[in-house]
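Below: one structure, written as structure tokens.
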Amino acid sequence: MGEELTARLLRFIEKSPSSFHVVESICRELTGYTLLSEGEPWSLQPGGRYYVKRSGSALMAFRIPEEPWRGFLLAASHSDSPTFSLKENAQLAGPENYLRLNVEGYGGMLCASWLDRPLSVAGRVLVRRGGAVEARLVNVDRDLLLIPSVAIHMNREANKGYAYDLKTDLTPLYGLEGAPSLCGILAERAGAAEEDLLSADLSLYVRERGRVWGAAEEFVSAPKIDDLQCVFGTLQGFLAAKERASVPVYCVFDNEEVGSGSKQGAEGTFLRDVLSRICAAFGKELPAAAANSFLVSADNAHAVHPNHPEYADATHRPRLNGGVVIKRSASQRYTTDGLSSAVFAELCRRAGVPVQHFANRSDLPGGSTLGNLALRQVSLNAVDIGLAQLAMHSAYETAGAHDTAYLVRAMEAFYSAKLTIEGDRVVLE
Ligand code: CO
């Protein structure tokens, strides 16, 4: 099931080596949608399809139904993944005749997974053009860098656990003395003169391609499965849905891996700004529309680990290819409550999608995500979901090959639903 979808997911990931490229990949699928500018007045029409970007790395798309509507059905995921960002003065000469790049960690990565594999650089560069400063997406798109391990002969203790020092152990090797400058390579890729390259937002990415594997091809491994599997899956559900009495909204925010606190992050005003402008265009007030709305915060969940099943909770043990995972925590780091869990599980049941539940083992704090931060700007009914995966925040992650199809089916059902929310009573049609 879902072989073709998984192949499309892998192509989507391959075309999306930075959060800017993720948004570009999404835009390619939004055919028939009108791009709105945040700096211009919006004229929205029933039956219209629209999208708006912020900072090139966050996006919201929505459709206005023909019939009267009361609220929003939203899904939100994140465009970023743990990586290494290039510093402004990135070129580092020495020791000896080596050239390296000066990077800093972005998010909480599993360091070891970044070593001994070809890497490259992608993101956006800012170029001078006439009197303007312009952004251009750049993907060097060749094997350019590698972070070499220290040989076992030089550190016999290496297999007994290792504390990585970001400033020394994870500095990528770029070339040898006399090699062409990185600025030159970037300028050429951007189609600009080197002296017109003014600044950049660039990060490293893993060159290894995604693949389907296992005895029955039941697994899929690729970079950035967290959270591009949800970015892609919620997008396909959004595009396939037939809306009725709500505005379907597809959201992708940046900077989740570093706390979401930027203007393009879930804790910024992007969500509130867009929803309040849609309300204003139809003479509605956001608080009333929000009370009639439902948000699905989609970010991947932990499957039981085959070698370390002890990290999973006693009664919450998500399996690969076991369907959509509803995530819940008493600390409210996930938005799920009893009501939103019940509503989403019921929607999945009607769509024939299996549901699993995730909770952290009670002595482990677990991770956080973007849903509860988005609710600080616009508070509404919400559920946190994801797909089960292994090796979260490795440079090469693993998930179930059939689960993407479950997410697409669940999201199509969600975006097509007619939910009438009356306090803690929700009518599903
Ligand atoms: Co995530």
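Counting convention: from 1, in listed order, for ligands and their atoms alike.
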Margin query: Below 30° counts as parallel, above 60° as perpendicular, anything between as tilted: where do the rings of F84 and W114 land?
Written below: perpendicular
Notebook entry, point to check: Would you call E14 and R11 a salt bridge, using N to O less than 4.0 angstrom?
Noted result: no
Checklist line | E104/K87 ion pair, N-O < 4.0 Å | finding: no
Check: Hey, would you say the W42 and Y50 ring centroids sit under 6.0 Å apart?
Finding: no
Notebook entry, point to check: What protein N/O/S atoms sit under 2.8 Å from the Co ion (ligand 1), by chain and number?
Noted result: H78 NE2, D226 OD1, D299 OD1, D299 OD2
Check: Is it true that the NZ or CZ of R54 lies under 6.0 Å from the centre of F253's six-membered ring and within 45 degrees of the ring axis?
Finding: no
Margin query: Could you check whether S260 and N255, counting side-chain N and O atoms only, form a donor-acceptor pair closer than 3.5 Å?
Written below: no
